[in-house]
Amino acid sequence: YILWCLTVWGILHMAGGLLMARGDVWYNLILIPLSESLQILKYDQVIHAFGFFTTTLVLYVLIKPLLKNPYSFGWPLGIVLVAAGCGAGSWNEIIEFFAQATVEGANVGGYLNTSLDTISNLIGAFLAFFFLKFIHKDKQ
């Protein structure tokens with residue numbers, strides 16, 4: 001399932017920057033307009049949540065051999081997995097910052113975009129922990 005998630009993430013990521021809707025790329029597409037000043041929920045935020053859900057799954061696979069009981073999904077493991085997923089998300093935001101600062105027309109966004117992306121990354125990491133807990137409940 002992780003390889004499928006990585007594949008879907010890659011396809012959705014490429015689609016977000018290449019496909020157009022309403023005269024703009026999908027990444028700027030507002031799915032649920034809550035207010036004029038707060039553009040939630042955008043395609044970009046959904047892809048961030050899914051992407052860092054997937055990243056957190058990959059990080060679990062990487063740390064699993066180091067765990068005494070890799071199927072004990074208590075809060076200590078949850079904190080580590082969510083922190084790891086959010087850390088990976090922070091690296092992504094740093095890369096987006098440098099792209100915005102150095103590439104004219106990078107279309108990455110500003111402070112609000114970075115904040116919403118970070119929140120989306122957190123949601124994705126939490127969902128990954130609960131997903132892992134659910135799919136391994138018979139092994140606990």
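The first residue in the sequence is number 1, and the count goes up from there.
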Nearest heavy-atom neighbours spanning Ile2 and Leu57: CD1-O, 3.8 Å
Please find the pair of heavy atoms, one from Lys68 and one from Pro70, that lie closest to each other, and give the distance. O-CD, 3.7 Å
Partner of His13 under ring pair (Phe, Tyr, Trp, His ring centres under 6.0 Å), picked from Phe50, Tyr27, Tyr43, is Tyr27
Once you round to the nearest 0.5 Å, how far does CZ of Phe52 lie from CG of Leu59? 9.5 Å
Shortest non-hydrogen separation from Ala21 to Leu29 and the atoms involved: CB-CD1, 4.2 Å
Closest heavy-atom pair and its distance - Gln45, Leu116: NE2-CD1, 3.1 Å
Parallel, tilted or perpendicular: which one describes the rings of Tyr71 and Phe73, with boundaries at 30° and 60°? tilted
Under 3.5 Å, is there a donor-acceptor pair linking the side chains of Asp117 and Asn113? yes
Grouping I, L, V, M, F, W and Y whenever their side-chain heavy atoms are under 4.5 Å apart, do Val8 and Leu18 come out in a common cluster? no
Does Leu19 share a hydrophobic cluster with Leu12, counting links as ILVMFWY side-chain heavy atoms below 4.5 Å and allowing steps through other members? yes
Side-chain polar contacts of residues 74-93 - donor-acceptor pairs under 3.5 angstrom, sequence neighbours left out - could you list them?
from, atom 1, to, atom 2, distance (Å)
Ser90, OG, Cys86, O, 3.1
Asn92, ND2, Glu96, OE2, 3.3

How long is the straight-line distance from CD1 of Ile123 back to OG1 of Thr118, given to the nearest 0.5 Å? 11.0 Å
With sequence neighbours excluded, tell me which residues meet ring-ring contact (aromatic ring centres under 6.0 Å, His included) with Tyr1. Phe131
Starting from Leu6, can I reach Met14 by hopping between I/L/V/M/F/W/Y residues whose side chains sit under 4.5 Å apart? no
With clusters defined by side-chain heavy atoms of hydrophobic residues (ILVMFWY) lying less than 4.5 Å apart, directly or transitively, does Phe126 cluster with Ile63? yes
Using the rule that two of Ile, Leu, Val, Met, Phe, Trp, Tyr join whenever any of their side-chain heavy atoms come within less than 4.5 Å, decide whether Phe98 and Ile95 are in one cluster. no
With rounding to the nearest 0.5 angstrom, report the CD1 to CH2 distance, Ile11 to Trp9. 13.5 Å
Give a yes or no on this: more than 12 heavy atoms of other residues, nucleotides or ligands lie within 6.0 Å of atom CG of Leu3. no
For the CZ atom of Phe130 and the CG atom of Leu132, what is their distance to the nearest 0.5 Å? 11.0 Å
Measuring from Lys133:NZ to Ser72:OG, what's the distance to the nearest 0.5 Å? 7.5 Å
